[in-house]
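Computed from a prediction, not measured in an experiment: that's the story for all the values here.
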Amino acid sequence: MTRLFGNRSMVRKENGTLAENGCGKMSFFDASILRRIRKLGVTHVWYTGIIRHANKTDYSAYGIPRQHPAVVKGNAGSPYAITDYYDIDPDLADDVNKRMAEFEALVGRTHKAGMKVIIDFVPNHVARQYKSVAKPEGVNDLGEADDKRMGFSTKNNFYYCVDLPFEPYFDLNDETGLPYSEFPAKATGNDHFDSHPGVNDWYETVKLNYGVDYCDAGGRSCHFTPRPDTWAKMVAILKFWAGKGIDGFRCDMAEMVPVEFWNWAIAEVKSCCPELLFIGEVYNPALYRSYVAAGFDYLYDKVGMYDCLCGVMRGTCAASAITWQWQAVDDIKDRMLYFLENHDEVRLASDFLAGDAKRGLPALAVSALMYKNPFMLYAGQEFGERGMDKEGFSGRDGRTTIFDYWTVNSLYSGYVDRKKLTPNEKALEKFYTKLLNVAVSEKAVSDGQFFDLMYANNGSYGFNPDRHYAFLRKYGDEVIFVVANFSDVDVECEVHIPAHAFDVLGLPETTVKAIDLLSTGHPESMELKTDGNVKVNVSANGCKVYKFII
């Protein structure tokens, strides 16, 4: 989250303004900071909240329209309530008038540091008071030519509640008592198609119209021929940002936008930028394959692998269930994006999940080493950020705020004043650095075969399928053997390697010298024997990542 990363203020006033609490800037990501991020094993940086979105800070002196506070969540606002698709968020700039040039320089610095740049594309909804002041000459603004007498039209960019004012089920006055007025009311971003959204709806946003009539008398109906006006406008926005030299888009709530649009739009953009990545936030597993077929490079594996790993960490799910999760998407496994934290989810170390960052280490090993697909790391995770602050609009919920001006303790210590890092934070960062660099440097991980050992270890000595997970990776003559321990006690166990693993991976029966890539210990002698057992000692909430040559 760009506004949080690099904020040097430690005022941290609940519900504080920009002037009170400060804000991180794009310039904070200088060469030294980017080198430190790259050292972690990072290949891409997703700069969250780059595009201008609604907030309560007054930038009218710079020609930027003010937003009514009643339809802004928090003082800093949600980065997913976009107010201008062609503009940079002014909070992030040292010189507001040069904010786009500062972003272009950030892209250049990131590339020079050996990493690629991903930004958000928010296609489903915009802020209630969307108005572009930075759009290229000749471009019509969203909603500019809408016929507001029609609730639905493929020529309209928004949906309207005809002849009805916007009257949500909460007070629309701000602290000054000035009312917010919207007539006719627009449909709300979370598919709320009347004029009365509630406080738990995405009331600060309005839904974009891609040619789906959600209120048709006969039920939902699609109208994609002729091509809806919104399609062309959104592809133009994608091409605009692609022209800035970025390397990919993380597409917010992609499944709320029809797959037919993505099928056309991604092909259009990739025809001129074939290497551009599209990462989709899709939560419904039944839709995964249609969005992959539409051109997405990667999809969030939230409902499957993430939820499963959270259950394993909480002790409500067996580690053996991890096998079922990868099997459920085996045909598209390389397209699934794994993660243990992001801006929507609770922090690993929060009281709402594991309570201790160390309990997330076996899940990290599984997520980062199991397949060829990418792993996403949320800034501060590498220091065990707990997310237990009460920032303002975002209460003490185990999440790091996306709505408030704030400074995250772990990020301040890790990237502003490293003398403040505790021994535990330093140790955690060291572990993350080792493991993530194994993920990017070892060919057996990035390009190798995978063999799940769980089915063969239900009765192995000391091996508990509820709390332990084991697998093999192989590339050429290099093999990596991973055993993760999700329990709070050290374990001495045997892992059975079945004959089928020898057949599939082409393993010989031999004795090897195995090195644990996460430690500095001496090589261990390991006997590989068909249907034999390998003895392993794994510390509580730890993992062993052995490498050997055959």
Peer 1: What side-chain donor-acceptor pairs closer than 3.5 Å can you find for residues 246-254, not counting sequence neighbours?
Peer 2:
{"residue": "D247", "atom": "OD2", "partner": "H111", "partner atom": "NE2", "Å": "2.6"}
{"residue": "D247", "atom": "OD2", "partner": "V117", "partner atom": "N", "Å": "2.7"}
{"residue": "R250", "atom": "NE", "partner": "Y300", "partner atom": "OH", "Å": "3.1"}
{"residue": "R250", "atom": "NH1", "partner": "D120", "partner atom": "OD1", "Å": "3.4"}
{"residue": "R250", "atom": "NH1", "partner": "D252", "partner atom": "OD1", "Å": "2.9"}
{"residue": "R250", "atom": "NH2", "partner": "E281", "partner atom": "OE1", "Å": "3.0"}
{"residue": "R250", "atom": "NH2", "partner": "E281", "partner atom": "OE2", "Å": "3.4"}
{"residue": "R250", "atom": "NH2", "partner": "Y300", "partner atom": "OH", "Å": "3.4"}

Peer 1: Would you mind checking if D389 and R12 are paired as a salt bridge, meaning a charged N to carboxylate O distance below 4.0 Å?
Peer 2: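 Yes, R12 and D389 are salt-bridged.
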
Peer 1: Please check if any side-chain donor atom of K207 sits under 3.5 Å from a side-chain acceptor atom of N124, or the reverse.
Peer 2: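 Side chains of K207 and N124: pair found under 3.5 Å.
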
Peer 1: Which residue pairs pass the salt bridge (charged side-chain N to carboxylate O under 4.0 Å, His left out) test when at least one of the two sits in residues 306-329, sequence neighbours left out?
Peer 2: K302-D307

Peer 1: Quick one: which residue pairs count as a salt bridge (charged side-chain N to carboxylate O under 4.0 Å, His left out) with a foot in residues 450-474, not counting sequence neighbours?
Peer 2: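 As it turns out, there is no salt bridge (charged side-chain N to carboxylate O under 4.0 Å, His left out) pair with a partner in residues 450-474 once direct neighbours are skipped.
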
Peer 1: Please work out which of the three classes, parallel, tilted or perpendicular, describes the rings of F296 and F278, given edges at 30° and 60°.
Peer 2: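 Ring orientation, 0 to 90° scale: perpendicular.
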
Peer 1: Hydrogens and angles aside, do N533 and H496 bring a side-chain donor and acceptor to less than 3.5 Å of each other?
Peer 2: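 N533 vs H496: donor-acceptor pair found between side chains.
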
Peer 1: Which pairs pass side chain to side chain donor-acceptor pair (under 3.5 Å) with one or both residues in residues 363-372, sequence neighbours excluded?
Peer 2: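 Every pair satisfying side chain to side chain donor-acceptor pair (under 3.5 Å) with a residue in residues 363-372: there are none.
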
Peer 1: Assess the side chains of N485 and S487: does a donor N or O sit below 3.5 Å from an acceptor N or O?
Peer 2: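 The answer is yes; a qualifying pair exists.
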
Peer 1: Would you list the atom pairs, donor with acceptor, under 3.5 Å between side chains in residues 391-398 and any protein atom, with sequence neighbours excluded?
Peer 2:
{"residue": "E391", "atom": "OE2", "partner": "T401", "partner atom": "N", "Å": "3.3"}
{"residue": "R396", "atom": "NE", "partner": "M388", "partner atom": "O", "Å": "3.0"}
{"residue": "D397", "atom": "OD1", "partner": "R399", "partner atom": "N", "Å": "3.0"}

Peer 1: Any chance the side chains of E509 and T530 put a donor and an acceptor closer than 3.5 Å?
Peer 2: yes

Peer 1: Does Y203 have K73 sitting over its ring (NZ/CZ under 6.0 Å from centre, angle to axis within 45°)?
Peer 2: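 Judged by the rule (NZ or CZ under 6.0 Å from the ring centre, within 45° of its axis), K73 counts as positioned above Y203.
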
Peer 1: Return each pair, listed once, that meets side chain to side chain donor-acceptor pair (under 3.5 Å) where at least one residue sits in residues 346-357; pairs must be two or more places apart or across chains.
Peer 2: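 For residues 346-357, and leaving out neighbouring residues, the side chain to side chain donor-acceptor pair (under 3.5 Å) pairs sorted by first residue read E341-R347, R347-T400, D351-R386.
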
Peer 1: Counting distance only, does the side-chain N/O of N541 pair as donor-acceptor with the main-chain N or O of K358 below 3.5 Å?
Peer 2: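 Between the backbone of K358 and the side chain of N541 there is no qualifying donor-acceptor contact (under 3.5 Å).
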
Peer 1: Looking at side-chain heavy atoms only, is the closest gap between V303 and N284 below 4.5 Å?
Peer 2: no

